[in-house]
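Scroll down for the structure; my scribbles are underneath it.
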Amino acid sequence: MSNKYKNGNPKNKVTETRTRTESMFLLLPLILIVTVLPLIVKAHSYKTGLSVFDWFSKVDDFTDFFLYYKQWLFVTICGAIVCIICFRAFIDKKTIRFAPIFIPLGLYAFLSLLSTVVSKHSKFGFTGMFEQFENVFCLMGYALVVYYAFLIIRTEDEVRLMIDALAVGALLVCGIGAFQAFGLDIYSASYEITMAKGHTYASLYNPNYVGVYTSFLIPMFFVLLINAKKAYQYVLYSLVLLTSVISLFGSQSKAGFVGIIIAACFILIFLRKTLLKKWKIILPIVIIMIASFFVVNKLNNNTYINSIKNALQVTKSPEPALTSIETKEDGIYVTYKGNTLIATIDIIDNVLLLQAVDLDNNSIDYTLAEDGMTYLFTDDRFAGITMFPALHNDMYAMGITIDNTNWYFTNLTESGEYQYFNRYGNLSAIKTPETAVFNGYEKFATNRGYIWSRTIPLLKDYIFLGSGADTFAIAFPQYDYVGFHNYGYMEQLLTKPHSLYLQVAVQTGVISLLAILVFYIMYFIRCIKLYMNDTANHKLVSMGIAIFIGTISYMVSALTNDSSITVAPVFWVMIGVGVAINEIVKRDQSDLKSSNERK
């Protein structure tokens, strides 16, 4: 069996005959990405290279299970794709095509590379970062796979092959996730993975990424299911939907639910006729899905509904009692309930003397506790604070207890400046970073407002070029220990901004973010124009709409989730398939219009 198609360039029409085997070979790199890549789980021990920073652990040895090998498999596949494109161009230049939609995508890839090359920390951009492993070759690879899908996919059979390949990969990933949701984790026996029983992470490392993955799959395969024609499609797509829904529940991802709700609105718009025609089939499916949500929610004490309410609640939080600590040369400046205390240490004759004054240099009244060493402030302004001498990490230090939390400081440093003993035991400065937009709303979207409020001010430094691929952790103000304390991040290292859009803007520059948005807007507008009232090719149109609506859900979920090597390659491959479908549908519509005019 062969597939014949005409090249989409009207100035250079050629006919290429391609056998099913040849199609399979050319699509194999993309098939591997959507099926095998998300399933890769293998232990890899490595040195993070971050121990040079005082905000990171001195222990540099870590083990990764989910990210490292996914990164390098994707890079290897992209290398094979480059070889295939070059070979085809060498044999026949007419096989190479181009479309304006790739201009912004190419700009993004170029700026990603340039940002990484000139970065002060380019090493991480080329090798991948701790807990991320999404290096610059991956970022450029995303643009590459979109172009390759556009270049290769020219027939309905090839589109169907990609969708069925995705269905098989999704069924395997979400099957693992579904078992985890019921407390059966195939990885727990083989790997040292600490995840709450019944919490789904599948083979994607993080429950949030399961939420993004399933939010992409569920609307897509719902559309494909209601337009299915063959028995195997009904069975396969139904199983994908079932396991995806269970995995989404198990992940407890709020962003996934929101993305699906937005996607559902577009389903109503684009498939209004189909929905009315097949309402007897669709209505029971929708009722079962909605009922399942409420049943599972009830069994979990309204966890999902309460989480969504809390995540989307836009109310200003009361200002924390402790608003800042700054370590300076002349003391430790503690701002508490709007008042500032300045604490200092002196060592006289091997005796550690502590002193505290306010901004007017007035001594703050205190009494000594029964131990004779702890200063209990009697000044109402600082009633929640105590101070005591300490020996911390074999160094003379000052301990300050603020609302039952201990903070340790010393000025016995090379510079003589006061520094803080962080959770790793390293001496570090404490600084108050610049904030914007989410001031007072730091708890918005499960405390993501805090990360965003500290990330947005960074953008003015990264307009043209970013900090480099996989370097967000270095760009972020990791010295904001007070912010970490107030908003629940004291025991975490923030390696990502929990937003794809901020991640791109910081790491590869604001212009690169605009380039991605322009690319997606061009794709979005083309889909609206092609699919709103199309009658030329129902099968391809239904597949195009399915992918389009899936991408909408993904882009919505990406507002509160990052790009990850576990999910992003699948998204970019499928949006590439969507671009290819658009070209075919546009050609078919053109042919139909010409045929009607001739009549």
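Just so it is clear, the values below take in all heavy atoms, side chains as well, and ignore hydrogens, waters and symmetry mates.
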Quiz item: Does the separation of the ring centres of Phe150 and Phe102 fall below 6.0 angstrom?
Solution: yes
Quiz prompt | Residue pair Ser115 / Tyr462, side-chain donor-acceptor N/O under 3.5 Å | solution = no
Quiz item: Is the closest side-chain donor-acceptor distance between Thr48 and Asp60 under 3.5 Å?
Solution: yes
Quiz item: With Val567, which of Asn208, Leu204, Asp562, Asn206 fulfils side-chain contact (heavy atoms from CB on, under 4.5 Å)?
Solution: Leu204
Quiz item: Okay, side chain of Gln507, backbone of Phe472: is any donor-acceptor separation there less than 3.5 Å?
Solution: yes
Practice problem: Take the angle between the ring planes of Phe137 and Trp72 and call it parallel below 30°, perpendicular above 60°, tilted in between. | Solution: tilted
Quiz item: Are the side chain of Ser112 and the backbone of Val136 linked by a donor-acceptor contact shorter than 3.5 Å?
Solution: no
Self-check item: Short side-chain donor-acceptor distance under 3.5 Å, Tyr531 and Asn582
Solution: yes
Practice problem: Could you label the plane-to-plane angle of the Phe130 and Tyr46 rings as parallel, tilted or perpendicular, counting under 30° as parallel and over 60° as perpendicular? | Solution: tilted
Quiz item: Is the backbone of Ser251 close enough, under 3.5 Å, to the side chain of His199 for a donor and an acceptor to pair up by distance?
Solution: yes
Quiz item: Pick one: which of Ile260, Val210, Thr200 meets side-chain contact (heavy atoms from CB on, under 4.5 Å) with Leu248?
Solution: Ile260
Quiz item: Are there more than 12 heavy atoms of other residues, nucleotides or ligands under 6.0 Å from atom CZ of Phe25?
Solution: no
Self-check item: Thr214 and Ser247 side chains, donor-acceptor separation under 3.5 Å
Solution: no
Quiz item: Would you find a donor on one side and an acceptor on the other, under 3.5 Å apart, between the side chain of Ser203 and the backbone of Pro38?
Solution: yes
Quiz item: Is there a side-chain contact between Ile552 and Tyr520, using heavy atoms and a 4.5 Å cut-off?
Solution: yes
Quiz item: With distance as the sole test, does Glu158 use its side chain to make a donor-acceptor pair with the main-chain N or O of Ser23 at under 3.5 Å?
Solution: no
Quiz item: Ignoring hydrogens and geometry, is there a side-chain-to-backbone donor-acceptor pair from Asp185 to Gln180 under 3.5 Å?
Solution: no
Quiz item: Should we say atom CZ of Phe179 is surrounded by more than 12 heavy atoms from elsewhere, each under 6.0 Å from it?
Solution: no
Practice problem: Please check if the distance between the ring centroids of Phe270 and Phe548 is under 6.0 Å. | Solution: yes
Quiz item: Do other residues, nucleotides or ligands put more than 12 heavy atoms under 6.0 Å from the CZ atom of Phe464?
Solution: no
Quiz item: Looking at Ile581, Val223, Val585, Val577, which one forms a side-chain contact (heavy atoms from CB on, under 4.5 Å) with Met543?
Solution: Ile581
Self-check item: Pair Glu583 + Arg526, salt bridge at N-O below 4.0 Å
Solution: yes
Quiz item: Taking the inter-plane angle between the rings of Tyr205 and Phe66 on a 0 to 90° scale, is it parallel (under 30°), tilted (30 to 60°) or perpendicular (over 60°)?
Solution: tilted
Quiz item: Would one find more than 12 heavy atoms of other residues, nucleotides or ligands at under 6.0 Å from atom NZ of Lys278?
Solution: yes
Quiz prompt | Tyr232, OH atom: more than 12 neighbouring heavy atoms under 6.0 Å | solution = yes
Quiz item: Are the side chain of Ser553 and the backbone of Gly259 linked by a donor-acceptor contact shorter than 3.5 Å?
Solution: yes
Quiz item: Side chains of Thr566 and Ser564: do they bring a donor and an acceptor to under 3.5 Å?
Solution: yes
Quiz item: Do Ser253 and Val212 have side chains that get closer than 4.5 Å, going by heavy atoms?
Solution: no
